[in-house]
Number of protein chains: 2
Amino acid sequence: MPQPSAPRTSLGRPPRISREEVVAAARRIVDADGVNRLTMRRLAAEIGSTPMALYHHVRSKDELLVLLLDDYAARTLHRPELPEEPRERVIVATDAIHSALADCPWIVDVLTADDLLSTSALWFVEQIIDGLLACGLTPRQAVHGYRAIWYYTAGEIVVRTTAARRRTDDDRPTYRERVFGELDPSELPRLEQVADRWASLTAEDTYLDGLRALVDGLLASR
Amino acid sequence: MPQPSAPRTSLGRPPRISREEVVAAARRIVDADGVNRLTMRRLAAEIGSTPMALYHHVRSKDELLVLLLDDYAARTLHRPELPEEPRERVIVATDAIHSALADCPWIVDVLTADDLLSTSALWFVEQIIDGLLACGLTPRQAVHGYRAIWYYTAGEIVVRTTAARRRTDDDRPTYRERVFGELDPSELPRLEQVADRWASLTAEDTYLDGLRALVDGLLASR
DNA sequence: ACCTGAACACCGTTCAAGT
DNA sequence: ACCTGAACACCGTTCAAGT
């Protein structure tokens, strides 16, 4: 692990690239061409170095992606004004995380790391847990509630951004369109009933509605 | 696209492998070694053929993965006895999909395709929509409700299986453990308060609790 | 029509050597 | 200590040719 702030001795050569430069260059590539185009070779070219030089500043490509997410969160996750009312505080804090992630579709590949994204997101988790506690949940219920909220939020982003990614890939009818075209109305009458509205209904952004329903349900079960 | 049931003419040579054989061999590899080990080259070796022969039966590796998911769903997604009560019908139908997917961690890479998995899952979607309608939601609310349920379910599986995947990768402390170790109690008092119980609390399976809360909330908003 | 061989244009990472 | 070059052990897919 490099120690950028360690006192520079006369041993060895001076570093030519830093961890920050590596992350910044990776960010440029991802912003310009998408996360699929971020390879160690391409990154080395962007920096004007060799693939192996990168491994002096980053343990692996996976670590690079986590650093990239940290960097992104630190730059874009600004703390909003939170309402006093605890239930609404949970909604607003969650929505802030969601908005930041939704603007950043490449995140899906890293997103699924664990239940925390980055230290920059901790403040938001704090607010969510605090809001749930203030609504009368036990600590146990609050942590479980936070998890449910995170599942819902992560799922919405993963499903929506992956669907969008596929749409640009090819112009053929989607799997969904094919399936709905061949519905057997006698076996699946409800789906038949909504089939022609499905595309427009599922295109609507109902993230906040679903979030409110979930939080209501979590608080009602208290 | 091959036509296995088309009348065999005297033109050309007889096929040596079929689409079904390709999918079955892919299934064997995935079951034995995980989805990461499924490559076109490895698959060809398993069948005793060449990589390019596969492309006669399957358009691309992506299509192969979708076929694999269809195959898996057709084999394991058995229709359960559903309760009369519509709210409970929604829960049981959703839980059946969730259980099937949760036993199949490789699915995460394909899962995020769209809002439908495979034709075998349509019956379950029908039951969920039907249950929501029977509870008094409008068709619009029912479709949105189904989406919210799917986000929650997909998110739970993605987050949980990816976390499990990482755990086996290395023995170093997780990112989460590092973060919780360095909490500033004055800034993040609630997280500090639950820090030592976080691991055990989030290890509990609370999928059904969260699902019930979500469905309750969806029905209450009617 | 179905299959093969060779090749294209890539990957992430290791290893040994240079300065 | 930091960087380089060459190599390892792979990928998915195209293309031209064989039967």
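Letters A, B, ... mirror the listed sequences (proteins, then strands); counts begin at 1.
- When the C1' atom of D/dC2 is taken as reference, atom CG of A/L54 falls 13 Å away, rounded to whole Å.
- Going from atom NZ of A/K61 over to atom P of C/dC10 covers 14 Å, rounded to whole Å.
- Rounded to the nearest Å, the gap between the P atom of D/dC10 and that of C/dA9 is 22 Å.
- Protein atom CZ of B/R37 is 9 Å distant from nucleotide atom P of D/dC11, rounded to whole Å.
- Whole-Å rounding puts the A/M40 CE to C/dC10 C1' distance at 16 Å.
- B/S60 and B/Y55 are not linked by any side-chain donor-acceptor pair at a separation below 3.5 angstrom, with hydrogens and angles left out of the test.
- In this entry D/dA17 has no Watson-Crick or G-U wobble partner, no candidate having both defining distances under 3.5 Å.
- The interatomic distance linking B/R42 (CZ) with D/dC10 (P) rounds to 11 Å, in whole Å.
- Nucleotides C/dC8 and D/dC11, compared at atom C1', are 12 Å apart to the nearest Å.
- Phosphate proximity of D/dC3 to A/T50: absent, as no side-chain N or O sits under 4.0 Å from OP1 or OP2.
- Nucleotide C/dG12 has D/dC8 as its partner under the Watson-Crick or G-U criteria, with both atom distances under 3.5 Å.
- The base-pairing partner of D/dC3, taking Watson-Crick or G-U wobble contacts with both distances under 3.5 Å, does not exist among the strands shown.
- Residue A/T39 has its side chain nearest to C/dC11 when only C/dT4, C/dC11, D/dC3 are considered.
- The shortest distance between side-chain heavy atoms of A/T206 and A/L201 does not fall below 4.5 Å.
- Counting to the nearest Å, the C1' atom of D/dC2 and the CD atom of A/E21 are 14 Å from each other.
- In this structure, A/Y55 places its OH atom 15 Å from C1' of D/dA6, rounding to the nearest Å.
- When each of D/dC15, C/dA7, D/dT4 is scored by its nearest atom to the side-chain atoms of A/M52, the top-ranked nucleotide is D/dT4.
- For the OP1/OP2 pair of C/dT4 and a distance below 4.0 Å, the side-chain nitrogens and oxygens of B/R16 include at least one atom meeting the criterion.
- Residues B/E126 and A/P189 form a side-chain contact, since some pair of their non-hydrogen atoms from C-beta on lies under 4.5 Å apart.
- At a threshold of 4.5 Å between non-hydrogen side-chain atoms, the residues B/I149 and B/L218 count as touching.
- Rounded to a whole angstrom, the distance from the C1' atom of C/dC15 to that of D/dC3 is 14 Å.
- Here the P atom of nucleotide D/dC11 and the CG atom of B/N36 are 11 Å apart, to the nearest Å.
- Residue A/H57 has a polar side-chain atom (N or O) positioned under 4.0 Å from OP1 or OP2 of D/dC3.
- In this structure, B/E187 contributes its side chain and B/D184 its backbone to no donor-acceptor pair below 3.5 Å.
- With C/dC3, D/dT4, C/dA7 as the candidates, the nucleotide lying closest to the side chain of B/R41 is C/dA7.
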